[in-house]
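Have a look at the structure below before the remarks.
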Amino acid sequence: MPEPLAFQSITDNRFSQLRRQAMQFVESRPRQGFQFVERHRDAEFQIHCRGTPVLWLERRSQHLLLRVSLDAKQRAPAVVRLRALLQWQLEPLDYLEQVLAGVPEPVLMDRALQILAGDVSDGVRCGVP
């Protein structure tokens with residue numbers, strides 16, 4: 001389960017800029033196992049690491065969700081830096097807004113899985129020599 005983070009809604013133009021940054025991230029790392037996957041042109045994209053989704057950006061009617069997989073730090077450390085770059089450009093929803101928007105909190109089970117996620121074999125990692 002990915003750990004969600006909700007942000008204020010953004011314009012089409014702003015979304016296109018973030019999308020372009022994600023595409024550049026993948027294009028600047030050829031043969032490192034990353035893939036840009038577009039779900040809906042102006043609503044959702046993902047970055048995959050050797051076929052496994054590791055980052056999602058999704059526009060919903062009231063807010064934006066930016067998530068990385070729990071094992072992203074082990075599987076694709078560069079994606080964690082990309083999330084920080086994208087996140088820095090967004091306005092986060094406050095806690096109450098996140099609750100009202102129905103954004104699920106990471107639960108204890110997710111945290112336990114995060115600890116176990118430390119064991120990722122080299123064959124499924126991306127962007128590491």
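Partner of Phe25 under the side-chain contact (heavy atoms from CB on, under 4.5 Å) criterion, out of Val79, Leu86, Leu85: Val79 alone.
A donor-acceptor contact closer than 3.5 angstrom links the side chains of Asp71 and Ser69.
Among residues two or more places apart in sequence or in another chain, the side-chain hydrogen bond (donor to acceptor under 3.5 Å, both in side chains) test is passed with Asp12 by Arg59. His48 pairs by the side-chain hydrogen bond (donor to acceptor under 3.5 Å, both in side chains) definition with Gln46, not counting sequence neighbours.
The list of side chain to side chain donor-acceptor pair (under 3.5 Å) pairs with a residue in residues 17-27, not counting sequence neighbours, reads Arg14-Gln17, Arg19-Glu38, Gln21-Gln89. Screening residues 11-46 for disulfide (SG to SG under 2.5 Å), with sequence neighbours left out, gives no hits. Residue pairs satisfying the disulfide (SG to SG under 2.5 Å) criterion with at least one member in residues 21-93, sequence neighbours excluded, are listed as follows: Cys49-Cys126. The disulfide (SG to SG under 2.5 Å) analysis of residues 7-48, with sequence neighbours excluded, yields no pairs.
For the atom pair Gln35 CD and Arg29 CZ, the distance stands at 15.5 Å (nearest 0.5 Å). Taken to the nearest 0.5 Å, the CD atom of Gln62 stands 10.5 Å off from the CD atom of Gln8.
Residues Val80 and Leu65 do not share a hydrophobic cluster, clusters being chains of Ile/Leu/Val/Met/Phe/Trp/Tyr side chains in contact below 4.5 Å. Neither Leu93 nor Phe15 shares a network with the other; the hydrophobic side chains, linked directly or stepwise wherever heavy atoms of I, L, V, M, F, W or Y lie under 4.5 Å apart, form separate groups for each. Hydrophobic cluster membership differs between Leu64 and Val37, with clusters built from Ile, Leu, Val, Met, Phe, Trp and Tyr side chains linked at under 4.5 angstrom.
The shortest non-hydrogen separation linking Phe34 to Ala78 is CZ-CB, 4.4 Å. Between Phe36 and Ala22 the shortest heavy-atom distance is CE1-CB, 3.9 Å. Pairing each heavy atom of Ser9 with each of Ser61, the nearest pair is OG-O, 3.7 Å.
Salt-bridge formation is detected for the pair Arg67/Glu58: a Lys NZ or Arg NE/NH1/NH2 atom is positioned less than 4.0 Å from an Asp or Glu carboxylate oxygen.
Taking 4.5 Å as the limit, every side-chain heavy atom of Leu57 sits out of range of all side-chain heavy atoms of Glu44. Using a 4.5 Å heavy-atom cutoff, the side chains of Leu90 and Leu18 are in contact.
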